[in-house]
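Lettering of chains follows the sequences in order, A, B, ..., and the numbering in each one begins at 1.
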Amino acid sequence: MQFPAACGILKPVTSLLAEATGGIAVEKVRVRFAPSPTGKLHIGGARTALFNWLFARHTGGTFVLRIEDTDLERSTQASVEQIIASLKWLGLDWDEGPEIGGEYGPYFQSQRLHLYEDKAQELIEKGLAYLCYCTPEELEAKREEARRAGRPPRYDGHCRNLSEEECAKLAAEGRQPVIRFKVPETGETVVEDLIRGRVVFQNSLLDDFVLIKSNGMPTYNFACVVDDHAMGLTHIIRAEEHLSNTPRQVLLYQALGYEVPKFAHVPMILAPDRSKLSKRHGATSVEEFREQGYLKEAIINYLALLGWSPEGTEEILPLERIVKEFSLERISKNAAIYDVKKMTWINGHYLRELPLERIVTEALPFLKNAGLIGEEPTEEELRLAKESIALTRDRAKTLVELADGVSYFFKDDFTYDEKGVQKHFAPEGTAERLRKARERLVSVEPFDAATIETAYRTLADELGVKAAELIHPTRLAVSGRTIGPGLFELMALLGQEKCLTRLDRAIRFIEAGLPAAGQAEDAPQA
RNA sequence: GACCCUAUGGUCAAGUGGUUAAGACAUCGCCCUUUCAAGGCGGUAACGGGGGUUCGAAUCCCCCUAGGGUCACCA
């Protein structure tokens, strides 16, 4: 009578049991990421991979990588390599799959064709599937007709009951048949989804879909079911776009006498305009974000937060904590819009919090790319890179920004920021003040931040000006910029010689006459 | 069009019948300060609409609306 109450009591007992047994599940979790190699690893695909990986690592299960290369036209070897490279870069390692194998291999569907063939044959023998000789053209014509008549464009079962003679005749015409699944005409198919709950589909709304194409390749729905079962997968965690396919797959599991795995359809990731994420929305692949200077930590952290949330309010979570806290129960149901700004903020966080050595390693390729250091950096370049990154990384949000932010430490031929020139070089007496500063700098010993600062502040006092009036023009003179690290640290790293040279250059620049640009000063120094 | 999913600030989100409806990003202001960041403090900003159920609904039910997904010999 009081079932709900009984369940309420039972639940804790079972979870206590699981705890008591050290979390050893009755059935070991096996999940997979199954991309089709038709492009780079998409941010949405990356998150699906991440959730599967997290679930496997959280439960101590197995994470399988399977390549769904049954689309001969669109699949490429280059894509396989790119996807694998991106997964590796993100640190999403697999326990079974390409490159490492496993007892359920091969892990490329194109190498498992005999399996699908066998299973399709089995279904035909059981009377649950049949050969269909309709050509794509004929089917398209029928769909068109149905559309015009306002009927749903479903396959009409034309070849469902062909006799052997009819088959032979059609085959003699040179027609290559496909194999179709006989979908029950009545009843309903239930998908029990861990995230969506119970979703019911009417079988009458499904048509006899194709299992094996005329070229002998299996279709997605068929290969997926055959493999997910053959590979012993327990949970199918995939994007919501597959939810509508799932009743077909459930029907196949039943027809083949397979146990149906648990499904979890995670919400989609959408572009800012709420449409499906695509190239026109800028960077969408892991590789592109990497090129733009995002760290894997930031991408993983951000992706984990898209559609899943931890119990507390902390959002900056190291991987180990995400693994520890991850659960399917806390995955949300609604689609999420991809917000690069937040990921950029997270990236900035990791840029300043991760060990310096790590950031230097990550930044080096970007410095090379910007032409700041050579392919084989010298000791001196490496030292300067490390020191300048230490000073600059707090203010950068990406590695690209970071490389730009340290550029003047490596290059002398920078130009002066235009607004900065108007603001800090134009005022009367600037050249003279810089000349005084230069003179003072010559005798600064040692040339470290504290000593330089003392010299500057003393000089400012002697000249009766605010330190800022010395500091700003100097910053512009030695870095070409109005923003950057603390000036005295910056100068110390730059070294005495370069500082003097750059001050000389700035003095010459000012005395050569500033380019006219409206009023040089609208706020006379009070 | 049919079917399916979803609906809390601009965005990500917490919330599971009783809360002043968290937090984060973004944004605005102030503080700190040689600049820019970072950091600190504070502000603006939300339960799509309509019906129910209930003493009481962001939370449960129905309808509408909106967005998304699927309807291929793509996956």
Side-chain angles (χ1 to χ4, degrees), chain A residues 34-38 68-71 73-75 109 132 134-136 139-140 143 147 150-155 176-180 191 193 195-197 199-202 205-207 209-221 223-224 239-248 265 267-268 270 272 274-276 302 305-316 330 332-346 348-349 352 392-397 405 420 424 453 456-457 466-472 474-476 479 481-488:
Chain A
S36 58
T38 57
E68 308 217 327
D69 54 349
T70 55
D71 183 344
E73 272 82 56
R74 300 199 301 149
S75 299
Q109 290 190 323
C132 167
C134 296
T135 64
L139 294 171
E140 184 47 45
R143 270 196 292 271
R147 261 193 291 272
R151 293 196 311 269
R154 303 172 51 240
Y155 176 68
Q176 287 296 317
V178 300
I179 299 177
R180 283 185 188 273
V191 175
D193 190 278
I195 295 171
R196 320 257 148 206
V199 186
V200 182
F201 296 84
Q202 294 302 317
L205 263 16
L206 270 24
D207 61 1
F209 55 94
V210 173
L211 264 24
I212 302 284
K213 305 182 233 175
S214 57
N215 67 0
M217 298 299 272
T219 57
Y220 162 72
N221 281 313
C224 192
E240 193 197 331
E241 57 186 316
H242 293 294
L243 184 55
S244 301
N245 278 317
T246 308
R248 288 179 238 276
H265 287 92
M268 306 272 299
L270 269 25
R274 301 203 66 86
S275 69
K276 213 168 167 178
Y302 178 66
L305 258 23
L306 257 199
W308 173 82
S309 62
E311 272 190 50
T313 58
E314 283 175 272
E315 304 211 333
I316 297 288
R330 293 193 66 85
S332 75
K333 296 183 192 173
N334 36 343
I337 291 175
Y338 193 79
D339 180 21
V340 190
K341 282 203 182 127
K342 183 154 184 176
M343 185 170 79
T344 304
W345 171 76
I346 294 178
H349 171 87
R352 75 185 89 93
T392 310
R393 65 161 163 167
D394 283 7
R395 7 186 93 69
K397 294 234 185 312
H424 303 303
E453 176 158 15
Y456 256 68
R457 296 207 184 274
K466 286 188 290 188
E469 287 175 76
L470 240 32
I471 287 169
H472 293 309
T474 303
R475 173 187 297 285
L476 188 59
S479 75
R481 310 189 181 201
T482 58
I483 62 170
L487 178 66
F488 307 114

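- Taking atom C1' on both nucleotides, C25(B) is separated from A14(B) by 15 Å, rounded to a whole Å.
- Ser332(A) comes within 4.0 angstrom of the backbone, heavy atoms only, and of no base.
- Between the CZ atom of Arg274(A) and the P atom of C5(B) there is a distance of 18 Å, rounded to whole Å.
- Between Ser309(A) and the phosphate of A14(B), there is a side-chain N or O to OP1/OP2 separation shorter than 4.0 Å.
- Between C3(B) and U59(B), the two C1' atoms lie 27 Å apart (nearest whole Å).
- Rounded to whole Å, atom P of G68(B) lies 10 Å from atom CD1 of Ile337(A).
- Here Tyr220(A) and Phe209(A) keep their ring centres 6.0 angstrom or further from each other.
- For the P atom pair drawn from U11(B) and U53(B), the interatomic distance equals 33 Å after rounding to whole Å.
- Listed pair Thr38(A) / A75(B) fails the phosphate criterion, with no side-chain N or O lying under 4.0 Å from OP1 or OP2.
- Note that CG of Asn221(A) is 4.5 Å distant from CG of Asn245(A), once rounded to the nearest 0.5 Å.
- Protein atom CZ of Arg248(A) is 12 Å distant from nucleotide atom P of U70(B), rounded to whole Å.
- Checked by atom type, the side-chain pair His424(A)/Thr474(A) shows no donor-acceptor distance below 3.5 Å.
- Ion pairing between a basic and an acidic side chain is recognised when a charged N comes within 4.0 Å of a carboxylate O; Asp339(A) and Lys342(A) show no such pairing.
- OP1 or OP2 of C74(B) lies within a sub-4.0 Å distance of a side-chain N or O belonging to Lys213(A).
- Atom CD1 of residue Ile195(A) and atom NE2 of residue His265(A) lie 9.0 Å apart, to the nearest 0.5 angstrom.
- Contact check, Asn245(A) against C74(B): no side-chain N or O comes under 4.0 Å of OP1 or OP2.
- Residue Val210(A) is in sugar-phosphate contact alone, with no base atom involved, counting any heavy-atom pair closer than 4.0 Å across all strands shown.
- Checking the phosphate oxygens (OP1, OP2) of C71(B), no side-chain nitrogen or oxygen of Arg143(A) falls inside 4.0 Å.
- In terms of polar N and O atoms assigned as donor or acceptor, the side chain of Glu314(A) never comes within less than 3.5 Å of the base of G23(B) in a complementary pairing.
- In this structure, Tyr302(A) OH and Thr344(A) OG1 are separated by 9.5 Å, a value rounded to the nearest 0.5 Å.
- Protein atom CE of Met268(A) is 16 Å distant from nucleotide atom P of A7(B), rounded to whole Å.
- Of the listed nucleotides (C5(B), A24(B), A75(B)), C5(B) has the atom at the smallest distance from the side chain of Arg196(A).
- Interface remark: the Arg74(A) side chain does form a donor-acceptor pair with the C74(B) base, using a distance-only criterion of under 3.5 Å.
- A pairwise comparison of heavy atoms in Arg457(A) and Phe488(A) identifies NH2-CE1, 4.3 Å as the closest pair.
- The side chain of Leu243(A) has C4(B) as its nearest neighbour among A75(B), U11(B), C4(B).
- If you take atom P in C47(B) and the same atom in G10(B), they sit 9 Å apart, rounded to whole Å.
- Thr70(A) comes within 4.0 angstrom of the backbone, heavy atoms only, and of no base.
- Residue Lys276(A) is classed as a sugar-phosphate contact, given heavy-atom separations below 4.0 Å to backbone atoms only.
- Ion pairing between a basic and an acidic side chain is recognised when a charged N comes within 4.0 Å of a carboxylate O; Arg196(A) and Glu240(A) show such pairing.
- Across the C1' atoms, C32(B) and C36(B) are found 14 Å apart, a figure rounded to whole Å.
- Regarding Glu311(A), its CD atom lies at a distance of 11 Å from the C1' atom of A14(B), rounded to whole Å.
- Residue contacts for His242(A): at a heavy-atom cut-off of 4.0 Å it reaches a base atom on one of the strands shown.
- The shortest distance between the side-chain N/O atoms of Arg180(A) and the OP1/OP2 oxygens of A72(B) is not below 4.0 Å.
- Distance CG (Leu211(A)) to C1' (A72(B)): 14 Å, rounded to an integer number of Å.
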Could you run through nucleotides 33-49 of chain B and give me one letter per nucleotide, 5' to 3': B if any protein heavy atom sits under 4.0 Å from the base, S if only the sugar-phosphate is that close, - if neither?
-> -BBBSS-----------
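- Open room surrounds CD on Glu314(A); 12 or fewer heavy atoms of other groups in view lie less than 6.0 Å from it.
- In this structure, Leu305(A) atom CG and A14(B) atom P are separated by 10 Å, rounded to whole Å.
- Taking 3.5 Å as the limit, the base of C4(B) and the side chain of Ser244(A) contain no donor-acceptor pair of atoms between them.
- U70(B) and C28(B) have their P atoms separated by 38 Å, given to the nearest Å.
- Atom CG of Asn334(A) is separated from atom C1' of U11(B) by 12 Å (rounded to the nearest Å).
- In this structure, of U8(B), C12(B), C5(B), it is C5(B) that holds the atom nearest to the side chain of Val199(A).
- Positionally, the nearest nucleotide of RNA chain B for Tyr302(A) lies more toward the 5' end than for the other of Thr313(A) and Tyr302(A).
- To the nearest 0.5 Å, atoms CE (Met268(A)) and OH (Tyr338(A)) are separated by 15.0 Å.
- Remark: Lys333(A) is not in phosphate contact with U16(B), judged by side-chain N or O atoms under 4.0 Å from OP1 or OP2.
- Using a cut-off of 4.0 Å between Lys/Arg side-chain N and Asp/Glu carboxylate O, Lys466(A) and Glu469(A) are scored as not salt-bridged.
- The gap from the C1' atom of A58(B) to that of A22(B) amounts to 14 Å, rounded to the nearest Å.
- Among C4(B), U6(B), C12(B), the nucleotide with an atom closest to any side-chain atom of Ala336(A) is C12(B).
- Arg475(A) contributes atom CZ, which lies 9.0 Å from atom CD1 of Ile483(A) (distance to the nearest 0.5 angstrom).
- Taking atom C1' on both nucleotides, C5(B) is separated from C30(B) by 45 Å, rounded to a whole Å.
- With hydrogens and angles ignored, the 3.5 Å screen pairs no side-chain donor or acceptor of Asp207(A) with any backbone N or O of Arg154(A).
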Here RNA chain B, pairs taken as Watson-Crick or G-U under 3.5 Å and shown with ( ), [ ] when crossing and | when to another strand, reads ((((((((.[[[..)..(....]]].(((((.......)))))....[[[[[..)....]]]]])))))))....
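- In this structure, Glu68(A) reaches the sugar-phosphate backbone alone: every heavy-atom distance under 4.0 Å involves primed, P, OP1 or OP2 atoms, never a base.
- Applying the 3.5 Å distance criterion, the base of A26(B) shares no donor-acceptor pair with the side chain of Lys341(A).
- Taking the nucleotide of RNA chain B with the nearest heavy atom to each of Gln202(A) and Asp339(A), the more 5' of the two is matched to Gln202(A).
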